[in-house]
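The next block holds one structure in the form of structure tokens; read it before the comments.
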Amino acid sequence: MSDITGGTAAHGTTSVSSEVIEKIAAAAAREVPGVADLGGDVSRFFNSILDKVGLDETGDAARGVSAKVKDGTVTIDVVVVLAAGNVVAEVTSAVQQKVTEAVQAYGLRVLSVHVNVDDIALTTAAPEAPAAPAAPSADPAPETPPAA
């Protein structure tokens with residue numbers, strides 16, 4: 001594809017929807033180590049509600065990614081949740097590279113990839129198991145002396 005919108009071929013035109021580009025970019029961003037999730041707080045909240053009512057695949061494909069197509073080039077915005085313990089600059093650079101490569105693999109021209117770190121996914125330690133009740137003592141309870 002030489003032009004992603006309005007391209008003229010011998011038999012017509014070719015265009016690629018921004019939604020297609022968003023899905024490609026989202027899939028690529030999810031593969032980057034250090035990316036815990038995609039999307040801002042609100043989109044992740046609504047997605048959790050959809051998950052609870054059995055619509056767990058709705059909206060997941062491109063969540064956290066928006067693409068703008070103009071004059072045959074693509075500008076992509078990616079919102080990520082960083083996994084705790086990762087260096088921000090390393091993860092965002094890897095996201096930019098991976099998304100650019102994935103979109104360009106389809107013959108599209110990427111002008112820029114902007115990455116916004118919206119949140120951090122902190123790992124929490126597993127709660128400690130409650131202490132087992134004390135075993136009964138082998139010694140019998142001391143007897144109370146009879147009252148005089």
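What you see is a predicted model; the values in this text were computed from it and never measured. Index from 1, following the sequence.
- Partners of V117 according to the side-chain contact (heavy atoms from CB on, under 4.5 Å) rule, which considers only residues two or more places apart in sequence or in another chain, are V80, L82, V88, T92.
- Around CD of E19, the count of heavy atoms belonging to other residues, nucleotides or ligands within 6.0 Å does not exceed 12.
- When side chains are defined from C-beta on, V35 does not count as touching V81, because their heavy atoms never get closer than 4.5 Å.
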- Task: Please lay out, stage by stage, how L38 and V79 fare under the test side-chain contact (heavy atoms from CB on, under 4.5 Å).
- Result: CA-CA 6 Å; L38 296 180; V79 180; over 6 Å; no

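- Summarising the geometry, atom CD1 belonging to I24 is positioned 6.0 Å from atom CG belonging to L108; distances are rounded to the nearest 0.5 Å.
- H114 has its side chain within reach of T75: a pair of non-hydrogen atoms, C-beta onward, lies under 4.5 Å apart.
- R109 contributes atom CZ, which lies 9.0 Å from atom CG of D71 (distance to the nearest 0.5 angstrom).
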Show me the donor-acceptor pairs, under 3.5 Å and distance only, between side chains in residues 94-103 and residues at least two apart or in other chains.
{"from": "Q96", "atom 1": "NE2", "to": "V113", "atom 2": "O", "distance (Å)": "3.0"}
{"from": "Q97", "atom 1": "NE2", "to": "E101", "atom 2": "OE2", "distance (Å)": "3.1"}
{"from": "K98", "atom 1": "NZ", "to": "E31", "atom 2": "OE1", "distance (Å)": "3.2"}
{"from": "T100", "atom 1": "OG1", "to": "Q96", "atom 2": "O", "distance (Å)": "2.7"}

- Task: Please assess I21 against V16 for the test side-chain contact (heavy atoms from CB on, under 4.5 Å), listing each intermediate value before the final yes or no.
- Result: CA-CA 8 Å; I21 296 165; V16 178; 4.1 Å; yes

- Query: Does the side-chain contact (heavy atoms from CB on, under 4.5 Å) test come out yes or no for E22 and S66, once each step is laid out?
  - Reply: CA-CA 6 Å; E22 290 165 358; S66 63; 4.1 Å; yes

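- Residue pairs meeting the salt bridge (Lys or Arg N to Asp or Glu O under 4.0 Å) criterion with at least one member in residues 86-95: none, sequence neighbours excluded.
- If you take CG on D37 and CZ on R30, they are separated by 7.0 Å, rounding to the nearest 0.5 Å.
- Expressed to the nearest 0.5 Å, how far CG of D77 lies from OG of S112 amounts to 7.5 Å.
- L111 and V74 end up in different hydrophobic clusters when Ile, Leu, Val, Met, Phe, Trp and Tyr side chains are linked at under 4.5 Å.
- Between V110 and T73, every side-chain heavy-atom pair lies at or beyond the 4.5 Å cut-off.
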